[in-house]
Structures are given as C-alpha cells and as structure tokens.
Novice: 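This is the structure I have questions about; it appears just below.
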Amino acid sequence: MKSPTAGFENRPLRVLFVRYSSLGDVVFSVDIARSLAERFPLWDLTWLVEAPYAPLVAAQSFVSRVIPWNRREGLGGFLRLIRRIRKEKFDLLVNLQGGDRATFLALASGVPLRYGDHRWLQWVFRQNLYWALGILQVSLFPRRGAYLEAPSVPLPEELEETGHPRIVVAVGASHPRKRWPEPRLRAYLEALRGEASLVLVGSGPKERSVGEALSRAVPGVLNLVDRLSLEGLVGTLARADLAVAGDTGPLHLARALGRPVLGLWGPTRLSEPYMATLDGEVSCPCPRRGCLDWSCTLPCMETIAVEDVLRETRRILGLRDLEAPGP
C-alpha cells in the first residue's frame, strides 16, 4: 500500500512549492510553507511564484530560492519554465495552486513525488495534498500572530513622519462589489481627523483617482496609493497600528504581519477560523452576504455604515467613541 505522505520526511530533499497567484492566496500559503519548513528543517525549499510577488516570497527566511514566472511571456515562457524545473531535478512537488495549468506543470515537471488536488486529474498526483496535510496535522488556516516576514526596504519619508495611532486604509479591491464606496470612505476619514494619522494605500488607475480625491477632500491624509512597490506596501502595513480594508491583498498582508486588522465584508466572507483571527469586522446587513454572486443587484458594501466602522476602529485602538457623521 502506498504511503499517503511519502516524501514528507525530515531528510535532505529538494522541494518545489507551487503557489504562484494571487497575492492573497500567496500570503495565505506562506503559513503552510512555513509550517512544513519548521516540521522538516532539512528540506531545501524552492518556491514557484509569479514575478510580481517574488520579492515578498524571497524575504521569507525559510525559502532557499525563488523561481519567478512572468506570465506575460505566454506559452513560450511557460515551456521555458517547465524546462528549468526539469533541470532542477526536484525530489518532491507540493502544489497548492490547483487548476489545469498548475496540474499540467506538475505532470511535466519530472518530479517523482507530486502532491496536489484536481477534480478530474487527481491521477497526476501521488495523493491529495490536503489529505496529506491533514495527516501531518498542518493547518490550512493561518496561525494567529505574525507569520510573514517583511522585506527590508526604504519607505516614504512622509510615512516615517506620521504619528500614532497610524491607520492604513486600503481604498479599493479587485472587484467593484468588494469596495466600500468613496463617500463612505471620505466620511470615515473626516471623522478620524485629529484622532489618528491616516494613510491610504492601493494600486492602479481607479484606486489612484480615489486616493487623490480623498486626500483633496480630507486635509492631512497621507496618500500613498499607487506610489508603493509590493515591498513598500508590506513595509507600510508593518508599521500600521490598524489596517482597514475590504477583502483585498492589503488586508491579508496586514493580518499575516500580525498587525491589528478591521475587515469590511459584503459579497465575500472567508472561513470562520480565518475570520476569528481578525481583530474586528463589519459586514453588510444583507442576508445573502458572502454569496459570491457578482451579478447580484442588491445593495451590498454601500450598506456598511460609517458609524459601525468607526465604532470598531475606536474599540480596537482604544479611542473614545464619538458620534460619527456620514452618508
């Protein structure tokens, strides 16, 4: 009978850990990879990740090497990636990515021991990875406290000049229905003026315009939207006394860094073990919250009241609770 965890042993092994996207999933996977590295310290662990996230993964002390994948290089780049992996002659492949592309990569990798999960192509893998992790008692849910190491990079001087408490607010999210509307963000920031240093983060043209509008409307707000590299974003969040965000990368980064986090939730809601690690949360009152229905026309994030977010903010930071204005 095949051992369900063959290869998961504390001996010198060349291990390829595959989780290349997206940012939030990469951050979640750091804790699984760290747990394996702690359990098997003789492993030589290489991480395959998309190029934009490579500096973040490289900053983790338990990662020996990083293979960055530039997906913009198309099929040619993918085939070159497979050739490189085959030349490395790994002993064990741990595939957290899932999906057809990652499963084909595992099949073509030449790695003799492969663990992963695929609904139709499970035969590619020796065993279902999640079953193996369960046997090994490696949690799929991030631990409480910090598990992500921040890269050492210089940060904007304006950030270093801000005082405490320092609240870092992510102004956007990957999908419009996951974003707290700009008027509510503005009212939230206006209510906290004088009580805390307020820092805005985000990326992309849409979020940049929101950050510019908010910083014009609320004097004293430090607008770092679209001004930070990924390493700079991580460094900024590492200096936060509180991070406020919807279901987006900055929220999960701040949580992984062990910083206090207040999450705003509407069409998404993560597993209860993960939610229990947050310092606070405010969800929309819709009975369908967490529905993942992107075509839904019911009011969602716009129903999250400024007063509720302010109340949670002040509770977490130990600030006095004042009546909050807001739309």
Novice: Could you pull out the closest heavy-atom pair between Pro151 and Val234, with the gap in Å?
Specialist: CD-CG1, 3.7 Å
Novice: Determine whether the aromatic ring centres of Phe28 and Phe141 lie less than 6.0 Å apart.
Specialist: no
Novice: Does this structure show an ion pair linking Asp44 with Arg65, if we count only N-O contacts that are shorter than 4.0 Å?
Specialist: yes
Novice: Measure across Arg255 and Tyr274 and return the closest heavy-atom pair with its distance rounded to 0.1 Å.
Specialist: CG-OH, 3.4 Å
Novice: Are the side chain of Trp47 and the backbone N or O of Val57 linked by a donor-acceptor pair below 3.5 Å?
Specialist: no
Novice: Treating Glu182 as the side-chain partner and Leu214 as the backbone partner, does any N or O pair qualify as donor plus acceptor under 3.5 Å?
Specialist: no
Novice: Output yes when Arg186 and Glu190 qualify as a salt bridge under the 4.0 Å nitrogen-oxygen rule, no when they do not.
Specialist: yes
Novice: Can you list the residues that meet the side-chain hydrogen bond (donor to acceptor under 3.5 Å, both in side chains) rule with Thr162, with sequence neighbours excluded?
Specialist: Arg166
Novice: Do Glu302 side-chain atoms and Cys300 backbone N/O form a donor-acceptor pair below 3.5 Å?
Specialist: yes
Novice: Strictly under 6.0 Å, is that where the ring centroids of Phe125 and His118 end up?
Specialist: no
Novice: Where is the tightest heavy-atom contact between Pro285 and Arg289, given as atom of each residue plus distance?
Specialist: O-NH1, 3.7 Å
Novice: Kindly give the cluster partners of Leu292, where membership spreads through any ILVMFWY side chain lying under 4.5 Å from a current member.
Specialist: Trp294
Novice: Closest approach of Asp31 and Pro142, non-hydrogen atoms and distance?
Specialist: OD2-CA, 3.2 Å
Novice: Do Tyr115 and Phe8 have their ring centres less than 6.0 Å from each other?
Specialist: yes
Novice: Is the side chain of Arg184 donor-acceptor paired with the backbone N or O of Pro181 at a distance under 3.5 Å, no angle test?
Specialist: no
Novice: In a check of side chain to side chain contact (heavy atoms under 4.5 Å, CB included) between Asp247 and each of Arg269, Arg179, His252, which one passes?
Specialist: His252
Novice: Cation-pi between Arg34 and Phe62: NZ/CZ under 6.0 Å from ring centre and within 45° of the ring axis?
Specialist: no
Novice: Would you call Glu38 and Arg143 a salt bridge, using N to O less than 4.0 angstrom?
Specialist: yes
Novice: Using atom types as modelled and distance alone, determine if a side-chain donor or acceptor of Thr303 lies under 3.5 Å from a backbone N or O of Pro299.
Specialist: no
Novice: With no hydrogens and no angle check, is any side-chain donor or acceptor of Glu281 less than 3.5 Å from a backbone partner on Leu264?
Specialist: no
Novice: Tell me whether Asp279 contacts the main-chain N or O of Val261 through its side chain, where contact means a donor paired with an acceptor under 3.5 Å.
Specialist: yes
Novice: Would Glu9 and Arg39 pass as an ion pair if we require N to O under 4.0 Å?
Specialist: no
Novice: Is Asp241 reaching over with its side chain to a backbone N or O of Ile167, donor-acceptor style, under 3.5 angstrom?
Specialist: no
Novice: Distance-only, no hydrogens or angles: does the Gln60 side chain make a donor-acceptor pair with backbone N or O of Val30 under 3.5 Å?
Specialist: no
Novice: Is the distance between the ring centroids of Trp69 and Phe78 under 6.0 Å?
Specialist: yes
Novice: Do Arg208 side-chain atoms and Val225 backbone N/O form a donor-acceptor pair below 3.5 Å?
Specialist: no
